[in-house]
There are 4 protein chains.
Amino acid sequence: MVRPVGSDGVRTEAAIRDAAIHLIAAKGFEAVTLRGIAKQVGIQASSLYRYYPSKSELLMTIITAHMEDLLERWAEAEPAGGSALERLDAFIEFHVSYHSSKPTEVFIANMEMRALAAEDRKTVVAMRKRYEAILLQILLDGVEEGVFSVPDARVATFAILAMLTGLTVWYQEGGRLSKDELVACYSKLVTTGLSSVA
Amino acid sequence: MVRPVGSDGVRTEAAIRDAAIHLIAAKGFEAVTLRGIAKQVGIQASSLYRYYPSKSELLMTIITAHMEDLLERWAEAEPAGGSALERLDAFIEFHVSYHSSKPTEVFIANMEMRALAAEDRKTVVAMRKRYEAILLQILLDGVEEGVFSVPDARVATFAILAMLTGLTVWYQEGGRLSKDELVACYSKLVTTGLSSVA
Amino acid sequence: MVRPVGSDGVRTEAAIRDAAIHLIAAKGFEAVTLRGIAKQVGIQASSLYRYYPSKSELLMTIITAHMEDLLERWAEAEPAGGSALERLDAFIEFHVSYHSSKPTEVFIANMEMRALAAEDRKTVVAMRKRYEAILLQILLDGVEEGVFSVPDARVATFAILAMLTGLTVWYQEGGRLSKDELVACYSKLVTTGLSSVA
Amino acid sequence: MVRPVGSDGVRTEAAIRDAAIHLIAAKGFEAVTLRGIAKQVGIQASSLYRYYPSKSELLMTIITAHMEDLLERWAEAEPAGGSALERLDAFIEFHVSYHSSKPTEVFIANMEMRALAAEDRKTVVAMRKRYEAILLQILLDGVEEGVFSVPDARVATFAILAMLTGLTVWYQEGGRLSKDELVACYSKLVTTGLSSVA
DNA sequence: CATGAATGAGTATTCATTCAT
DNA sequence: AATGAATGAATACTCATTCAT
């Protein structure tokens, strides 16, 4: 009997990841059991080992897949050239869109880094730094252009990312605000804050 | 050795809480073991039960003590009257000062709510909502006064709190910036964003 | 060693029950540890959980299995019709035979009901009442027929059952008396007491 | 300050025994904790050690006190001389009276012998044998006199004692039957069984 | 006479992981 | 590709017991 391409195995692997992502987001990595994941998939816990060599590698896979995806997509979405303000707008739009479309993965990547082994954590931190560097550069350029004024670009980077990423805590697809409204909201706050003057 | 000379219940209880706070912040509640806490305090794990009836009540105590403290201190620091802008400044100064002076407790309160039992989580969420309501009211007042312009006050509240609270992730006492500089940084970002015009 | 070759779930489950029954009868339920049971079976304590979800459910299983067996077997052994005296003889023969063939299970069922959770205890008490009702009915019928004389049928039921069941405390298979002699002994005592007249 | 005779200490010791007796009867010795006993008395667990050197000696004290009391009282109640039938009646009256007046202590002595250390158990078994020997002798005498007919005097002894003692399981002071009715009930059953002829 | 602080051995139970089938 | 039986190390928690005060 010929097994159709992309059959069982592949499907099972995807199902495992999906189940893991939702359970980890809901209960936290340590509180999730392999039996729990297996049950949701409809297989035995021992069968998980066909697909992932350990619980921690399952987490690492989820987090790095997310980080790689994030960085790749920005590489595609990144505007070639443009003013700092234009690039900032593009970045906010990208970040908010991505984070509101995959809030669960993002939430895990932010919450469960402590659960990674030291080595793995280092790898992920490095990826995250690459992402932070994108915004930091935009801010520095904007300051140089004279359009941005920040007391401390590094703190501002952390602050803005924390603000933007915070949406994963409360955002639910199909909520009160459309994605465009969400982007507008955050764009306004980042560029002119609360002030009604500018 | 049954009881070391000079042992003292009050001192032990404080030591347990301190040890628990630091371990939980570093590794996450689920990953922390009572043995680990006890070891750091220099007692046996079973002795913890003289002070806290269960691991989860220990967490609950830490989180509620923090939340109560936060709300009480704001009640003291809150300016009587004043414009929305003045009250916003006061709130930011308070929030940043408090969060930078107790980053560990705050971090735990934000990260470990999932580890609480449903009932306890409800209690804490209610306290948190009371705190969020403070900022929300300031924003609404500012909008009415015409000094603030926000697309959505509720989203803005979450966004600003996420930004301000985010400092607990990276802030370390005695770092590059003084507390005043920190407050100035965040104040600037909240009121006028990145714009150099205003 | 992960799984000894030729290990078999059904066999293991039976071995666990046997070990549990003997240990509980010897030391009492509370004094028996899962480690102790496991050791006797030759497995790890954690492996018990593949077969019984908790220590108390293991006890409940043992007790209810015994009670169900007792009631079913009487249903089979019960004479269709007959005088009260004939039915009494049949009951005594059945009860003494059953109790002397499974003294350990019976002993546990009598001694360890306190160890059951309230809910479970209720269930077992109800089964026991069904059994007691059998003898009570025989006594009432005998009184009506005029062959039995009892000051109080309810007390007599408890008294006779206590007497008959008491054999589980001292009886050992292969002892001085044969099963038939045992039945004769108890029959005599129940029907005419110590009197040498009748 | 002069302490009044028979004060605190004595009262506390009695309170501890009472509390222990009722708790052990209700939950079983192993399930009872010293903290539980102390709580009921209104003292700290550590204070129990002023009165009893260990949990198991507390049990041993309760059981032997009961057994000694039982034997002493029979020595007082025992009729000097008399026929086997008269002595049997006296024994039954004594046994039922004593057991219905102290059902809790008796219950413990019967149920918790397994909880005693081997050495202590031996001691108690010996006392119990002395008590059983009383009834056995009466039966043997009655057989010799020709008024009793028993297939096996030893089995009859166990059987009758099990029947009589069984009342501690269900008897409650102030219940449906008076003590005299109770004695009459059991007397009838022992001497002529269920038969209506004799 | 009584306690409060502490111990340490022990308990049921959980869980990631292994591997013959 | 998947499972069922089993492991062993770990976990929160309990409890009898000790003893300086």
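Below, chains carry the letters A, B, ... as their sequence lines are ordered, and counting in each starts from 1.
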Under a 4.5 Å cut-off applied to non-hydrogen side-chain atoms, are [X] and [Y] in contact?
| X | Y | answer |
| --- | --- | --- |
| B:Glu68 | B:Met127 | yes |
| C:Met60 | C:Thr123 | yes |
| D:Leu58 | D:Ile37 | yes |
| D:Met111 | D:Ile24 | no |
| C:Met67 | C:Arg128 | yes |
| C:Tyr49 | C:Leu34 | yes |

B:Lys55 NZ/CZ over B:Phe29 ring centroid, <6.0 Å and within 45° of normal: yes
[N] phosphate, OP1 or OP2: any side-chain N/O from [X] under 4.0 angstrom?
| X | N | value |
| --- | --- | --- |
| B:Thr12 | E:dA6 | yes |
| C:Gln44 | F:dG8 | yes |
| C:Tyr51 | F:dA5 | no |

In this structure, how many angstroms lie between the [atom2] atom of [N] and the [atom1] atom of [X], rounded?
| X | N | atom1 | atom2 | result |
| --- | --- | --- | --- | --- |
| D:Ile37 | E:dA2 | CD1 | P | 16 Å |
| A:Arg50 | E:dA16 | CZ | P | 19 Å |
| A:Leu23 | E:dC15 | CG | C1' | 15 Å |
| A:Lys39 | F:dT3 | NZ | C1' | 17 Å |

Sugar-phosphate only, base, or nothing, as touched by D:Tyr52 at under 4.0 Å among non-hydrogen atoms: nothing
Sugar-phosphate, base or nothing in reach of B:Leu48, heavy atoms under 4.0 Å: nothing
Heavy atoms from other residues, nucleotides or ligands near NZ of A:Lys27 exceed 12 (cutoff 6.0 Å): no
Charged N-O contact under 4.0 Å between B:Arg114 and A:Glu112: yes
Provide a list of protein-nucleic acid N or O atom pairs under 3.5 angstrom, restricted to nucleotides 14-17 of chain F.
unit_1 : atom_1 : unit_2  : atom_2 : d
F:dA16 : OP1    : D:Val32 : O      : 3.3
F:dA16 : OP1    : D:Lys55 : NZ     : 3.4
F:dA16 : OP2    : D:Leu34 : N      : 2.9
F:dA16 : N7     : D:Arg35 : NH1    : 3.2
F:dT17 : OP2    : D:Tyr49 : OH     : 2.9
F:dT17 : OP2    : D:Lys55 : N      : 2.9
F:dT17 : O5'    : D:Tyr49 : OH     : 3.1

Paired and unpaired positions of DNA chain F as dot-bracket, Watson-Crick or G-U wobble under 3.5 Å, | denoting a partner strand: .||||||||||||||||||||
